[in-house]
Visitor: 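Structure in structure tokens, see below.
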Amino acid sequence: MADITKRSVDYSRWYLDVIQAAELAENSPVRGCMVIRPNGYSIWEMMQRWLDDRFKELGHVNAYFPLLIPKSFLAKEAQHVEGFAKECAIVTHSRLKTVEVDGKITVVPDPASKLEEELIIRPTSETVIWDTYRKWIQSYRDLPVLINQWANVMRWEMRTRLFLRTAEFLWQEGHTAHATAEEAREETLKMLECYRWFAEDILAMPVVCGAKTPRERFAGAVETFSIEGMMQDNKALQAGTSHDLGQNFAKAFEVKYQTSEGTEEFVWATSWGVSTRLIGALIMSHSDDAGLVIPPKVAQRKAVIVPIWRDDEGRDLVLAKAKELQEMLKPAIGFVQIDDRDNMRPGWKYAEWERKGMPIRIELGPRDVANDACVLATRHDGQKHQTPLSDLVSAVTGHLDRMQTELYEAALKRRAENTHRLETWEEFTALYEGPGGFAHCHHCGDTACEEAIQTETKVTIRNIPLDAEAEDGQCIRCGKPSSKRVLFAQAY
RNA sequence: CGGGGCGUGGCGCAGCCCGGUAGCGCACCUGCUUUGGGAGCAGGGGGUCGAAGGUUCGAAUCCUUUCGCCCCGACCA
């Protein structure tokens, strides 16, 4: 196992090393795609469980729409096609045939199977879903439609990074239809709040909720909202988005309903999503030079028992006790693995479980068995706690709760230390030539000014925070009047 | 798509300049001794040297083309 590059040496390298060391994912034979390994996928499964339960509590149901979309669908909403056309994979044929080239058998698309209408691999599902909703929605009695789907999508990105930006990724996309603009806006903000809750309470990652500027808006949305987290290198990561689509898609796909008064109206729409990018966010929020650190709420397995022995007698004794502990812990935290591999010594196992981010490690040797105790090690702070076996269950659950809280508090503290209110362009450029971070500044709202800031400093407006207070000021760059502060940062 | 670096057993690398029987460390397998923070000894298995052409008696090494990866740009949920 190669050593993990230190964060302080090379943050990007560290990020990739952690993914490799914790066996989360690896590159696939196809550029830009990734194999998500069991350790990584288990995190996604935990995320799915929390979110899916919450979506359903909020009244949504799941459905599944197809991977392939007729090419013509994408052209129906003007902004939408402009936003996604450049990154679509296209299916042109339905068969291969074998041919011999230079004495070798190879396969080529069979020209006879060329598709009459080419198909697009979905970069997002608005179009096929709205085409379907047209058939489902007739009356105000059919509204609202509150559907979510768990799916893969593909966006042919130029430059990719495991989890943060991959050509294919897994996500959920909610697509809702409403009778009024107010109701759609309410849904948009409700789901944004759902994402805030998930990021902060489950992922232990504080986020800033706000509205995107027009140039950062989703292609086809009237208004886009996002949650933005701060990574350990002080860069921002957009961790979830919720869009108010207005009537754009309803008009493009002619989705109308009859009101109780008998008039005909276009419906109002939202869409919202989070993706496997959140796994990247998680890594970059909490992990350290020893490897992965994740909050217990998304750890499928919360603890491992590492038995220690010197001889066969000790081995029998310790393993028997370990099995007792395993049974004892099961009702509280589920399956706990006993790492009884005897081709490696305890020190190796400690290091390995630390790399993989196991929240709690229970060390159990003959001495502990004799004392009715064990050593309980917590991953996030590296501490060891001598623990009587009679207190084990409460100690474990207590440490898990503490870990969840402390990870959030540490992330919050780090964000606070790297968040600034700036008034002048000199302060602004100095911040981003130096350590970087979040900057709350006034901005004129002009897109050209926003672009100039990005060109000059690589800093973008992440969002306009929902809790920004009205305050008269002057644009950080051009000095024109502004009525509230926006959030600036360098972003992934 | 532009600039730079790199492709040699699973991983990390040497060998290349100066062509001549593919090596090292880790991992893996077997055995013994070990086991409270990354064990030791002995034996063993595994590589068309990214790919394709070319030069040559002979290519990991020289030449040409090409593919992929990493970093920096451009681009971007």
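A note on names: the letters A, B, ... follow the listed sequences, proteins ahead of strands, and every chain is numbered from 1.
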Visitor: Measure the distance from CD on A:E26 to P on B:C70 and round it to the nearest whole Å.
Guide: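 One finds 13 Å between P of B:C70 and CD of A:E26, rounded.
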
Visitor: In whole Å, I'd like the distance from the CG atom of A:N343 to the P atom of B:G40.
Guide: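 The answer, rounded to whole Å, is 14 Å.
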
Visitor: Could you let me know what B:G43 is paired to, Watson-Crick or G-U wobble, both distances under 3.5 Å, or none if it's on its own?
Guide: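 Pair assignment: B:G43 / B:C29.
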
Visitor: What contact category does A:P123 fall into here, base, sugar-phosphate, or nothing, at under 4.0 angstrom with non-hydrogen atoms?
Guide: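 Counting heavy atoms under 4.0 Å across all strands, no contact is made by A:P123.
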
Visitor: Between B:G46 and B:U55, how many Å separate the two C1' atoms, rounded to a whole number?
Guide: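 One C1' to the other, the span is 33 Å.
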
Visitor: Would you classify A:N27 as touching base, sugar-phosphate or nothing, given that sugar-phosphate means primed atoms plus P, OP1 and OP2, and contacts are heavy atoms under 4.0 Å?
Guide: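 Answer is sugar-phosphate: A:N27 comes under 4.0 Å of backbone atoms only.
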
Visitor: Given the P atoms of B:C11 and B:C69, what is the spacing between them in whole Å?
Guide: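 It works out to 15 Å between them.
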
Visitor: For atom P, what is the distance between B:G20 and B:A59, given to the nearest Å?
Guide: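 Nearest-Å result for B:G20 against B:A59 at atom P: 11 Å.
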
Visitor: With rounding to whole Å, what would you report as the distance between B:G68 and B:C62 at their P atoms?
Guide: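 Comparing P positions in B:G68 and B:C62 gives a spacing of 23 Å.
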
Visitor: So which nucleotide does B:C1 pair with, by the Watson-Crick or G-U wobble rule with both distances under 3.5 Å?
Guide: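 Checking every strand shown, B:C1 finds its partner in B:G73, with both distances under 3.5 Å.
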
Visitor: Do A:W14 and A:V9 have side chains that approach each other closer than 4.5 Å (heavy atoms only, starting at C-beta)?
Guide: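 No, side chains not in contact.
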
Visitor: With a 3.5 Å limit on both atom pairs, tell me what B:G19 is paired to, counting Watson-Crick and G-U wobble, or say none.
Guide: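 Matched B:G19 with nothing under the 3.5 Å cut-off.
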
Visitor: For B:C16 versus B:G31, give the span between their P atoms, rounded off to a whole number of Å.
Guide: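 It works out to 40 Å between them.
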
Visitor: For B:C72, take OP1 and OP2 only and decide whether either is under 4.0 Å from a side-chain N or O of A:R159.
Guide: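 For B:C72, OP1/OP2 do have a side-chain N/O of A:R159 under 4.0 Å.
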
Visitor: Roughly how many Å is it from CG in A:D342 to P in B:U33, rounded to a whole number?
Guide: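 Distance, rounded to whole Å: 12 Å.
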
Visitor: Tell me the interatomic distance from A:D312, atom CG, to B:U35, atom P, rounded to whole angstroms.
Guide: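 In whole Å, B:U35 P lies 12 Å from A:D312 CG.
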
Visitor: Please assess A:D201 against A:R54 for the test salt bridge (charged side-chain N to carboxylate O under 4.0 Å, His left out), listing each intermediate value before the final yes or no.
Guide: CA-CA 13 Å; A:D201 287 17; A:R54 185 71 188 136; over 6 Å; no

Visitor: Reading RNA chain B from 5' onward, which residue's closest nucleotide shows up sooner: A:R215 or A:M344?
Guide: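 By nearest-heavy-atom nucleotide position, the 5'-most residue is A:M344.
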
Visitor: Taking only the C1' atom of each, what is the distance from B:G50 to B:U61 in whole angstrom?
Guide: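 Result for the C1' pair: 16 Å, nearest Å.
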
Visitor: Can the positive tip of A:R165 be found less than 6.0 Å from the middle of the six-membered ring of A:Y492, inside 45° of the ring normal?
Guide: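 Judged by the rule, A:R165 and A:Y492 form no cation-pi pair.
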
Visitor: Partner of B:C24 by Watson-Crick or G-U wobble geometry, both contacts under 3.5 Å, or none?
Guide: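 Partner of B:C24: B:G12.
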
Visitor: Is A:R165 side chain donor-acceptor paired with the B:C76 base, going by distance under 3.5 Å alone?
Guide: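 Looking at the base of B:C76, it does pair with a donor or acceptor on the side chain of A:R165 (distance under 3.5 Å).
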
Visitor: Expressed as a whole number of Å, how far does the P atom of B:G9 sit from that of B:G47?
Guide: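 The answer is 11 Å between these two P atoms.
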
Visitor: Mind checking who B:A51 pairs with, Watson-Crick or G-U wobble, both distances under 3.5 Å?
Guide: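 Partner of B:A51: B:U65.
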
Visitor: Considering every strand shown, what is the Watson-Crick or G-U wobble mate of B:G36 when both distances are under 3.5 Å?
Guide: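 None - no nucleotide pairs with B:G36, as no candidate has both distances under 3.5 Å.
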
Visitor: Taking atom P of B:C75 as reference, at what distance in whole Å does atom CD of A:E216 sit?
Guide: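 In whole Å, B:C75 P and A:E216 CD are 12 Å from each other.
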
Visitor: Within the 4.0 Å heavy-atom criterion, would you say A:L16 contacts the bases, only the backbone, or no part of the nucleic acid?
Guide: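 If one applies the 4.0 Å heavy-atom cut-off, A:L16 turns out to touch the sugar-phosphate alone, with no base involved.
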
Visitor: Looking at every strand, decide which applies to A:V375 at a 4.0 Å heavy-atom threshold: base, sugar-phosphate, or nothing.
Guide: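 Touches a base.
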
Visitor: Given B:A74, B:G37, B:G38, identify the nucleotide with an atom nearest to the side chain of A:K458.
Guide: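 Out of B:A74, B:G37, B:G38, the nucleotide with an atom closest to A:K458's side chain is B:A74.
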
Visitor: Would you tell me if any nitrogen or oxygen in the side chain of A:R310 comes within less than 4.0 Å of OP1 or OP2 on B:U35?
Guide: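 Checking A:R310 against B:U35: at least one side-chain N or O falls below 4.0 Å of OP1 or OP2.
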
Visitor: One pair to check against side chain to side chain donor-acceptor pair (under 3.5 Å): A:H380 and A:E406. What are the steps and the verdict?
Guide: CA-CA 9 Å; A:H380 72 304; A:E406 289 179 0; 2.7 Å; yes

Visitor: Look at all strands and tell whether A:T241 reaches a base, only sugar-phosphate, or nothing, counting heavy atoms closer than 4.0 Å.
Guide: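 The residue A:T241 makes base contact.
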
Visitor: Please give the distance between the C1' atoms of B:G38 and B:G25 as a whole number of Å.
Guide: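 B:G38 and B:G25 have their C1' atoms separated by 15 Å.
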
Visitor: Given the side-chain rings of A:F488 and A:F428, with only the six-membered ring counted for Trp, is the space between their centroids under 6.0 Å?
Guide: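 Distance test on ring centres: under 6.0 Å, yes.
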
Visitor: Quick check on A:R310: does its CZ atom have over 12 non-hydrogen neighbours (other residues, nucleotides or ligands) under 6.0 Å away?
Guide: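 Atom CZ in A:R310 is not packed in, count stays at 12 or less.
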
Visitor: To the nearest Å, how far apart are A:R161 CZ and B:C71 P?
Guide: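 To the nearest whole Å, that distance equals 6 Å.
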
Visitor: Considering only B:U35, B:C76, B:C70, which nucleotide approaches the side chain of A:E87 most closely?
Guide: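 That would be B:C76.
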
Visitor: Within 45 degrees of the axis of the six-membered ring of A:W348 and under 6.0 Å from its centre: does A:R355 put its NZ or CZ there?
Guide: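 Flagged: A:R355 positioned over aromatic ring of A:W348.
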
Visitor: Rounded to whole angstrom units, what separation is found between the CZ atom of A:R341 and the C1' atom of B:A39?
Guide: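 Value for this atom pair: 15 Å.
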
Visitor: Tell me which of A:D368 and A:H243 sits closer to the 5' end of RNA chain B, going by the nucleotide each one is nearest to.
Guide: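 Nearer the 5' end of the strand: A:D368.
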
Visitor: Atom CH2 of A:W353 to atom P of B:G38: distance rounded to whole Å?
Guide: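 Going from A:W353 (CH2) to B:G38 (P), I get 18 Å.
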
Visitor: Kindly indicate whether the side chain of A:K384 and the base of B:G37 share any N or O donor-acceptor pair separated by less than 3.5 Å?
Guide: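 For A:K384, whose side chain was compared with the base of B:G37, there is a donor-acceptor pair (under 3.5 Å).
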
Visitor: Is the shortest side-chain N/O distance from A:R345 to OP1 or OP2 of B:A39 below 4.0 Å?
Guide: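 Looking at the OP1 and OP2 atoms of B:A39, one of them is under 4.0 Å from a side-chain N or O of A:R345.
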
Visitor: Ignoring hydrogens and geometry beyond distance, is the side chain of A:E352 in donor-acceptor contact with the base of B:G37 at under 3.5 Å?
Guide: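 For A:E352, whose side chain was compared with the base of B:G37, there is no donor-acceptor pair (under 3.5 Å).
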
Visitor: Measuring from the side chain of A:Y350 (C-beta onward, heavy atoms only), which nucleotide among B:G37, B:A74, B:C76 has the closest atom?
Guide: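 Among the listed nucleotides, the one closest to the side chain of A:Y350 is B:G37.
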
Visitor: Starting the side chain at C-beta, find the nucleotide from B:U35, B:C76, B:G38 nearest to A:K86.
Guide: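 Out of B:U35, B:C76, B:G38, the nucleotide with an atom closest to A:K86's side chain is B:C76.
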
Visitor: Would you indicate whether the side-chain heavy atoms of A:L170 and A:Q48 approach each other to under 4.5 Å?
Guide: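 Counting from C-beta outward, A:Q48 and A:L170 never come under 4.5 Å.
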
